[in-house]
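Down below is the structure, laid out as structure tokens.
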Amino acid sequence: MAKTKAAITAVGAYLPEYVLTNQILETMVDTTDEWITTRTGIKERRILKEDGKGTSFMAIKAAEDLMAKRGLDPKDIDMIIMATATPDMPVAATGAYVASEIGATNAFSYDLQAACSSFLYGMSTAASYVESGRYKKVLLIGADKMSSIIDYTDRTTCIIFGDGAGAVLFEADEEGLGLQDELLRSDGVGRQFLKIDAGGSMLPASEETVKNKQHFVFQDGKSVFKFAVSNMADVSAKIMERNKLTHEDVQWLVPHQANKRIIDATARRMGLEESKVMMNIHRYGNTTSATLPLLLHDYEKQLKKGDNIVFAAFGGGFTWGSIYLKWAYNS
Ligand code: UT7
């Protein structure tokens, strides 16, 4: 008998209404629409403006969208994995709050943090629980309020990030569809290039850390770019190779949306034409844990049962990897 696989069976999403365009950023920092567009591919991003609303607000909306589309009773959810780099609070899992707010009273939940690879790693975790037979319905949410950790006077980071949330449901599949293979990696040497210095156990918050702006994201863009290009392309090419997939066999690449140039380089290494590459970076920027589910949400209607999809991500830590999944339904 074929081994039980874990398939994505529903998708949901939420994006805040406020649109921060390149033109508005031109009035905030020394930058231009032309620079941002050619260097990153980003034209606009969404920002959660309302005071007092954190990542959970968007995560709840994305989960509710999924449940409404699928007609899913929250009481049937066994487990919720909350992939995020911007939890509501440092202590008290955001996922636990989300589970209670959506009425998932039979579920347990925790947060999973691996910067921009949070959702990709979460796919592996969610799928493993389902494949093992331990849980039947696992909701994986990727959500980040990046605007809460960005310095809007720093032109090297504020042009990149945006806020958003996406959710997918993992369930067992007996037809051989769902997650087929994964190649996940990390390398702690990278933490010097992309980090938030203060607010953790090594450098707790103080007047000094606030004054020095150490609670905002710091990124050495050039170094991260270099590692991202080679590592994301490497794992994606490797996962194709070891599953004997040619560029013709792959219907879609679902790449983390950090920079269009990184995505193009990955697609080139895989031999994929542009029409097979999911892209929405121009509309949302880099939403960290939400990029992959937001792509699935935007392209859901084009996906067909049996499509071979390669997911790829690279993020702070460093963390990166690639997942090969067969799509399980027609919309
Ligand atoms: O998602 C997690 C992983 N993150 C990533 O994958 C991000 C990887 N890095 C990148 O995407 C790119 O490195 C950036 C988009 C962040 C920067 O692009 P770049 O082509 O690497 O630019 P750079 O940092 O080498 O800067 C080139 C020049 C510099 O000026 P000088 O020193 O050459 O005079 C910067 O000061 O561009 C300048 N610059 C800007 N100019 C206008 C930097 N930011 C801006 C800006 N507007 N917003």
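Read the numbers this way: they start at 1 and go in the same order the structure lists the ligands and their atoms.
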Notebook entry, point to check: Are side-chain N/O atoms of Ser236 and Arg269 paired as donor and acceptor at under 3.5 Å?
Noted result: no

Note to self: Pairing donors with acceptors under 3.5 angstrom, does anything connect the side chains of Thr37 and Lys43?
What the structure shows: yes

Checklist line | Closest approach of any protein heavy atom to atom 14 (C) of ligand 1, naming residue and atom | finding: Asn259 ND2, 4.4 Å

Note to self: Under a 3.5 Å distance rule, please check whether Gln180 uses its side chain to pair with a backbone N or O of Gly176 as donor and acceptor.
What the structure shows: yes

Notebook entry, point to check: Between Phe57 and Tyr14, what is the ring plane arrangement, given parallel below 30°, perpendicular above 60°, and tilted in between?
Noted result: perpendicular

Next item on the list: Pick, from Gly221, Gly316, Gly317, Ala313, the option with the minimum heavy-atom distance to atom 13 (O) of ligand 1.
Entry: Gly221

Next item on the list: Please could you name the atoms of ligand 1 that Ala258 approaches to less than 4.0 Å, counting only its heavy atoms?
Entry: 1 (O), 5 (C), 6 (O)

Notebook entry, point to check: Can you find a protein heavy atom closer to atom 6 (O) of ligand 1 than 4.0 Å?
Noted result: yes

Next item on the list: Give the contacting part of Thr157 toward ligand 1: side chain, backbone, both or neither, where contact means a heavy-atom distance below 4.0 Å.
Entry: neither

Next item on the list: Look only at interatomic distance and state if Gln219 has a nitrogen or oxygen under 3.5 Å from any nitrogen or oxygen of ligand 1.
Entry: yes

Next item on the list: Please report which non-hydrogen protein atom sits nearest to atom 44 (N) of ligand 1, along with the residue it belongs to and the distance in Å to one decimal place.
Entry: Trp35 CH2, 3.4 Å

Note to self: So for Ile36, does at least one of its heavy atoms come nearer than 4.0 angstrom to any atom of ligand 1?
What the structure shows: no

Margin query: Heavy-atom pairs closer than 4.0 Å: do any link ligand 1 to the side chain of Asn286, the backbone, both, or neither?
Written below: side chain

Note to self: Looking only at protein heavy atoms, which one is nearest to atom 2 (C) of ligand 1, and what is the separation?
What the structure shows: Cys116 SG, 3.2 Å

Item checked: Same apolar cluster: Ile47 and Met28, side chain cutoff 4.5 Å -> yes

Next item on the list: Quick one: look up the protein heavy atom nearest atom 38 (C) of ligand 1 and list residue, atom name and how far away it is.
Entry: Arg155 NH2, 3.7 Å

Check: So which bit of Phe225 gets within less than 4.0 Å of ligand 1, heavy atoms only: side chain, backbone, both or neither?
Finding: both

Note to self: Is atom 31 (P) of ligand 1 near the protein, in the sense that some protein heavy atom lies at less than 4.0 Å from it?
What the structure shows: no

Check: Have Thr4 and Glu174 got a donor and an acceptor in their side chains that come within less than 3.5 Å?
Finding: yes

Checklist line | Those atoms of ligand 1 less than 4.0 Å from some heavy atom in Thr31 | finding: 42 (C), 46 (C), 47 (N), 48 (N)

Next item on the list: Would you please say whether a donor-acceptor pair under 3.5 Å links the side chains of Glu182 and Tyr121?
Entry: no

Margin query: Going by side chain to side chain donor-acceptor pair (under 3.5 Å), name the pairs with one or both residues in residues 53-68, residues two or more places apart or in two chains.
Written below: Thr55-Thr86, Ser56-Asp88

Item checked: Residues Asp220 and Lys222 bridged, charged N to O under 4.0 Å -> no

Notebook entry, point to check: Which protein non-hydrogen atom lies closest to atom 3 (C) of ligand 1, naming both residue and atom, and how far is it?
Noted result: Val224 CG1, 3.6 Å

Note to self: Within the supplied structure, the quantity of interest is the number of heavy atoms (other residues, nucleotides, ligands) at a distance under 6.0 Å from Arg70 CZ; does it exceed 12?
What the structure shows: yes

Note to self: Considering His256, Arg39, Gln257 one by one, which has a heavy atom nearer to atom 20 (O) of ligand 1 than any of the others?
What the structure shows: Arg39

Next item on the list: Assess the side chains of Thr84 and Asp111: does a donor N or O sit below 3.5 Å from an acceptor N or O?
Entry: no

Next item on the list: Measure Thr40 to ligand 1 on non-hydrogen atoms and call it side chain, backbone, both or neither using the 4.0 Å cut-off.
Entry: side chain

Item checked: atom 24 (O) of ligand 1 within contact range, any protein heavy atom under 4.0 Å -> no

Notebook entry, point to check: Using heavy atoms and a threshold below 4.0 Å, how should the contact between Ile160 and ligand 1 be classified: side chain, backbone, both, or neither?
Noted result: side chain

Note to self: One thing to verify: whether Arg155 and Asp30 come together as a salt bridge, which I'm taking to mean a side-chain N less than 4.0 angstrom from a carboxylate O.
What the structure shows: yes

Notebook entry, point to check: Is any heavy atom of the protein nearer than 4.0 Å to atom 48 (N) of ligand 1?
Noted result: yes

Notebook entry, point to check: Which pairs, with at least one residue in residues 129-179 and sequence neighbours excluded, count as a ring pair (Phe, Tyr, Trp, His ring centres under 6.0 Å)?
Noted result: Phe108-Tyr135, Tyr129-Tyr135

Next item on the list: Output the list of atoms in ligand 1 that are nearer than 4.0 Å to some heavy atom of Ile159, sorted by atom number.
Entry: 48 (N)

Checklist line | Heteroatom proximity flag, Thr156 to ligand 1, N/O under 3.5 Å | finding: no

